Enquirer: 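Mind looking over this structure? Questions follow.
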Amino acid sequence: MPLRIYNTASRKLEIFSPATDKSVSLYTCGPTVYDYPHIGNWASFIYWDTLVRVLKFSGYNVTRVMNLTDVGHLVSDADDGEDKLEKGARREGKSAWEIADFYIADFKSGMKSLNLIQPEYLARATDYIPQQLELIRQLKAGGYTYQISDGIYFDTSKFSRYSDFARLDLKSQKAGARVKLNTEKHRPWDFALWKFTEPGKKRDMEWETPIDILAIKPEQYSNPIMGFPGWHLECSAIAMSLLGKTIDIHTGGIDHIPIHHTNEIAQSESATKQPFAHYWLHNNHLKINNSKVSKSLGNGYTLQDIESHGFSPMDLRMFILQSQYTSEGNFTFDNLVAAKNRLNNWQNYAALRHQIHDRLTDDASKTDLEKFVVSTATIGAIRDALWQNLNTPKALSIIDDALSGLEEVDLDTISWSSLNQLLEAADELLGLQLLSSTPDIDDEAKQLIIRRERAREAKDWPQSDTLRDQLLKMNVVVKDTSHGPVWSRQ
RNA sequence: GGCGCGUUGGCGGAGCAGUUACGCAGCGGUCUGCAAAACCGCGUAGACGGGUGCAACUCCCGUACGUGCCUCCA
């Protein structure tokens, strides 16, 4: 069974096959670092992290780039309004550079707490200004640009396939119906490659516009014209400079199909005459309380909000994995509780491995057939589920099935190594930290459990209950099963 | 106005043309010193109306409702 993924470019489920045998180049549109990401943003990054995990698990050598948009993303994608970074700076009384640094640090720490694998390259747009200017240069040379009073624009009429990717009928789009149109643009969907700093203004982030990309003669050029890159440009420039002209997989949110990715394709392919990406994957949006996440509705919960409600980042991760990336999830705190409980149950199963080990006296005397073995076929089945367009809910259900058998049987009969293999594979593929979140209990707690068993044998219930309370204070819960006591963490 | 998507049991959420998804929550029972767990069972899901099939939650058409994009947003 091959790895299949849904390619937005073809609108079909396709068998994945990278250009180079066992290497995969992967580009993910990263955050605009002007504010805390909300859980919808994180959902996207959790899904793409799962993709990376699946590829690595399948033996691919993955080189992944994620950009950090720290300049040029305007309040409106239609090349109007203020730069988000500059706006954030004004809001917080800092410079745009300080804003970017702060939210980049926050993003990295969020990635860590959600156990997202760090991409090989986390690239700041402002670190790639020369590459972006070079791309403009190439496009200008090819006749794809024009200049108007506020910047240099991409002429979409020169790229005949412009509307193919999003399958939009541009004529029927009511572009600018609700925003003031830039009347100088030749077409509403032409987009800025480089914007000039407003005359008489000084931006925190601005660069001198090289004269050779300007449509003026050198003798007319007196004072430097300052400017900054358009939002779409960075992704093409960063991706191509780090991964080459054609990349295997490009991922991003579903909202990026009609504008951002359409524009990336237009400018990249106009410059190189080669396909920009073979596979385009898009995650659907997470709804919150059945409505969309929107800054204006104020429902964009952050990771900090989740934690202040008493949930862990892994609870959120479990919640996100419970629905498939192409479907529209719905977040409520009740649903998060369900995910938390499920994860907690898994952690209790994971903790059994310490208790099997403790009792392991004559492991060799029992054959695998006599033991409860989590078969390697289970791990294969998990992988197969994920290979089916990252069907994470299916993968979770397979793990549920495998784990739920464990508590019915005598612990002595469970194969320690096969349980460990399952947990390792689950962690590798889903990143839920089942192993690291369930360390063994200390010797003191173990002694208390033994003493409690003695008390129970002597039918000394008050003593037994006292010991149980003592363990509870150490966050260890003891349950008396028909096969003896089993502990778990509270 | 244009283009698109969705509608599964209390909630979340998959696959599949014919066999229990799965999870969380709930109810009843067994077991049990108590508690918890575990186990067994229960609630008879598939918006509505047609159509094609021996057979449809699963394919096709229509209707209703919801929702997304064409501003911002993963």
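Computed from a prediction, not measured in an experiment: that's the story for all the values here. Just so we're on the same page: letters track the sequence lines, and every chain starts at 1.
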Enquirer: Using the C1' atom as the point on both nucleotides, what is the distance between B/A25 and B/G9, in whole Å?
Expert: 13 Å

Enquirer: With the side chain of A/Ser397 defined as its heavy atoms from C-beta on, choose the nearest nucleotide among B/A74, B/C22, B/G33.
Expert: B/C22

Enquirer: Taking CD1 from A/Ile288 and C1' from B/U67, how many angstroms apart are they, rounded to a whole number?
Expert: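 Result: 15 Å.
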
Enquirer: Expressed as a whole number of angstroms, how long is the span from A/Ile399:CD1 to B/A21:P?
Expert: 21 Å

Enquirer: Tell me which nucleotide among B/G33, B/A74, B/G23 gets nearest to the side chain of A/Asp400.
Expert: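 Of the candidates, B/G23 comes closest.
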
Enquirer: In whole angstrom, give me the gap between the P atoms of B/U20 and B/C57.
Expert: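 Each nucleotide's P atom is 15 Å from the other's.
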
Enquirer: OP1, OP2 of B/G12 versus side-chain N and O of A/Asn330: anything below 4.0 Å?
Expert: yes

Enquirer: Could you please name the partner base of B/C39, counting Watson-Crick and G-U wobble pairs only when both distances are under 3.5 Å?
Expert: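 Base partner found: B/G29.
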
Enquirer: For the rings on A/Phe102 and A/Phe107, is their centre-to-centre separation under 6.0 Å?
Expert: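 No - the distance between ring centres of A/Phe102 and A/Phe107 does not fall below the 6.0 Å cut-off.
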
Enquirer: When the C1' atoms of B/U7 and B/U63 are considered, how many whole Å apart are they?
Expert: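 That atom pair is separated by 13 Å.
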
Enquirer: Separation of A/Ile254 atom CD1 from B/U67 atom C1', in whole Å?
Expert: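 A/Ile254 atom CD1 is separated from B/U67 atom C1' by 11 Å.
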
Enquirer: A/Asn345 side chain: which of B/G13, B/A74, B/C24 is closest?
Expert: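 Taking heavy atoms from C-beta onward, the closest nucleotide is B/C24.
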
Enquirer: How would you label the contact of A/Gln388 with the nucleic acid (heavy atoms, under 4.0 Å): base, sugar-phosphate, or nothing?
Expert: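 Nothing, no heavy atom under 4.0 Å.
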
Enquirer: Are the aromatic rings of A/His38 and A/Tyr301 close, with centres under 6.0 Å apart?
Expert: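 Centroid distance A/His38-A/Tyr301: not below 6.0 Å, so no.
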
Enquirer: Among side-chain atoms of A/Ser312 and A/Glu307, is any donor-acceptor pair under 3.5 angstrom?
Expert: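 No, no side-chain donor-acceptor pair sits under 3.5 Å.
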
Enquirer: May I ask which nucleotide in the shown strands pairs with B/C34, Watson-Crick or G-U wobble, both distances under 3.5 Å?
Expert: none

Enquirer: Look through every strand shown and name the nucleotide pairing with B/U20 as Watson-Crick or G-U wobble, where both distances are under 3.5 Å.
Expert: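 None - no nucleotide pairs with B/U20, as no candidate has both distances under 3.5 Å.
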
Enquirer: By the 4.0 Å heavy-atom rule, please label A/Leu286 as base, sugar-phosphate, or nothing.
Expert: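 Answer is base: heavy atoms of A/Leu286 come under 4.0 Å of a base.
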
Enquirer: Check the distance between B/U8's C1' and A/Gln322's CD and give it to me in whole angstrom.
Expert: 16 Å

Enquirer: Could you say whether A/Asn284 or A/Lys287 is positioned toward the 5' end of RNA chain B, judged by the nucleotide with the nearest heavy atom to each?
Expert: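 Here A/Lys287 is the residue nearer the 5' end.
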
Enquirer: Check the phosphate of B/C24 against A/Asn341, side-chain N and O only, distance under 4.0 Å to OP1 or OP2. Yes or no?
Expert: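 The answer is no; no side-chain N or O of A/Asn341 sits under 4.0 Å from OP1 or OP2.
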
Enquirer: Rounded to whole angstrom units, what separation is found between the CG atom of A/Asn389 and the P atom of B/C16?
Expert: 12 Å

Enquirer: Which nucleotide sits closest to the side chain of A/Ala338: B/G23, B/G33, B/A14?
Expert: B/G23

Enquirer: Counting only Watson-Crick or G-U wobble pairs whose two distances fall under 3.5 Å, which nucleotide matches B/C48?
Expert: B/G62

Enquirer: If the P atom of B/G15 is compared with that of B/G6, how far apart are they to the nearest Å?
Expert: 12 Å

Enquirer: Run the salt-bridge test on A/Lys94 and A/Glu92 with the 4.0 Å N-O cut-off and return the result as yes or no.
Expert: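 Yes.
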
Enquirer: Taking any heavy-atom pair under 4.0 Å as a contact, classify A/Ser488: base, sugar-phosphate, or nothing.
Expert: nothing

Enquirer: Please check if any side-chain donor atom of A/Ser236 sits under 3.5 Å from a side-chain acceptor atom of A/Gln267, or the reverse.
Expert: yes

Enquirer: Output the single nucleotide from B/A14, B/A74, B/G23 whose closest atom is nearest the side chain of A/His256.
Expert: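 It is B/A74.
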
Enquirer: Check every atom of B/A36, B/A74, B/C34 against the side chain of A/Arg468 and return the nucleotide holding the closest atom.
Expert: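 Of the options given, the side chain of A/Arg468 lies nearest B/C34.
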
Enquirer: Within the structure, does a side-chain N or O atom of A/Ser327 lie under 4.0 Å from either OP1 or OP2 of B/A14?
Expert: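 Result: yes.
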
Enquirer: Just call it for A/Asp334: base, sugar-phosphate, or nothing, with non-hydrogen atoms closer than 4.0 Å on any strand.
Expert: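 Nothing, no nucleic acid heavy atom in range.
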
Enquirer: Go through B/C22, B/C34, B/A74 for me and flag the one nearest to the A/Arg456 side chain.
Expert: B/C34

Enquirer: Given the C1' atoms of B/C40 and B/C31, what is the spacing between them in whole Å?
Expert: 11 Å

Enquirer: By nearest atom, which of the nucleotides B/A14, B/C34, B/A74 is closest to the A/Asn391 side chain?
Expert: B/A14

Enquirer: Taking the six-membered ring for Trp, are the ring centroids of A/Tyr34 and A/Tyr103 within less than 6.0 Å of each other?
Expert: no

Enquirer: Rounding to an integer number of angstrom, what distance separates B/C16 and B/C24 when you compare their C1' atoms?
Expert: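 Roughly 24 Å separates the two C1' atoms.
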
Enquirer: Which residue, A/Gln324 or A/Ile39, contacts RNA chain B at a nucleotide closer to its 5' end, judged by nearest heavy atom?
Expert: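 The residue closer to the strand's 5' end, by nearest nucleotide, is A/Gln324.
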
Enquirer: Here's a test for you: under side chain to side chain contact (heavy atoms under 4.5 Å, CB included), which of A/Asn284, A/Leu51, A/Leu281 qualifies with A/Tyr325?
Expert: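 So the option named by the test is A/Leu281.
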
Enquirer: Taking only the C1' atom of each, what is the distance from B/A45 to B/A14 in whole angstrom?
Expert: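 The answer is 13 Å between these two C1' atoms.
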
Enquirer: Mind running side-chain hydrogen bond (donor to acceptor under 3.5 Å, both in side chains) on A/Arg64 and A/Thr28 for me, showing each step along the way?
Expert: CA-CA 8 Å; A/Arg64 183 187 186 201; A/Thr28 300; 3.2 Å; yes

Enquirer: Using atom CE of A/Met318 as one end and atom P of B/C22 as the other, report the distance to the nearest whole Å.
Expert: 16 Å

Enquirer: Which nucleotide sits closest to the side chain of A/Asn335: B/G33, B/C11, B/A35?
Expert: B/C11

Enquirer: Give one of base, sugar-phosphate or nothing for A/Gly252, where a contact means two heavy atoms less than 4.0 Å apart.
Expert: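 Since only primed, P, OP1 and OP2 atoms lie under 4.0 Å of A/Gly252, the category is sugar-phosphate.
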
Enquirer: Base, sugar-phosphate alone, or nothing: which one does A/Val337 contact when heavy atoms must sit under 4.0 Å apart?
Expert: nothing

Enquirer: Without decimals, in angstroms, what is the distance between A/Asn344 CG and B/G23 P?
Expert: 15 Å

Enquirer: Expressed in angstrom and rounded to an integer, what is the separation of A/Lys479 atom NZ from B/C34 atom P?
Expert: 18 Å

Enquirer: Check whether the ring centres of A/Tyr279 and A/Phe16 lie less than 6.0 Å apart, and answer yes or no.
Expert: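 Ring centroids of A/Tyr279 and A/Phe16 are less than 6.0 Å from each other.
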
Enquirer: For a side chain to side chain contact (heavy atoms under 4.5 Å, CB included) with A/Asp49, tell me which candidate from A/Arg317, A/Gln118, A/Met111 qualifies.
Expert: A/Arg317

Enquirer: On a whole-Å scale, what distance lies between the P atoms belonging to B/C60 and B/U52?
Expert: 16 Å

Enquirer: Is the base of B/G18 syn or anti, if syn means a glycosidic angle within 90° of 0?
Expert: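 Because its glycosidic torsion lies more than 90° from 0, B/G18 adopts the anti conformation.
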
Enquirer: Classify A/Asn348 by what it touches in the nucleic acid, base, sugar-phosphate, or nothing, heavy-atom distance under 4.0 Å.
Expert: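 No contact.
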
Enquirer: Does the side-chain ring of A/His285 sit on the six-membered ring of the B/A74 base, less than 5.5 Å centre to centre and under 30° in tilt?
Expert: yes

Enquirer: Suppose we define a pair by two distances each less than 3.5 Å, Watson-Crick or G-U wobble; what does B/C69 pair with here?
Expert: B/G2

Enquirer: Please tell me which of the listed nucleotides, B/G13, B/G33, B/A35, lies nearest to the side chain of A/Asp465?
Expert: B/G33

Enquirer: Partner of B/G53 by Watson-Crick or G-U wobble geometry, both contacts under 3.5 Å, or none?
Expert: none

Enquirer: With no angle test and no hydrogens, is the base of B/C3 tied to the side chain of A/Arg167 by a donor-acceptor pair under 3.5 Å?
Expert: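 When only heavy-atom distances are counted, A/Arg167 does not reach the base of B/C3 through any donor-acceptor pair under 3.5 Å.
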
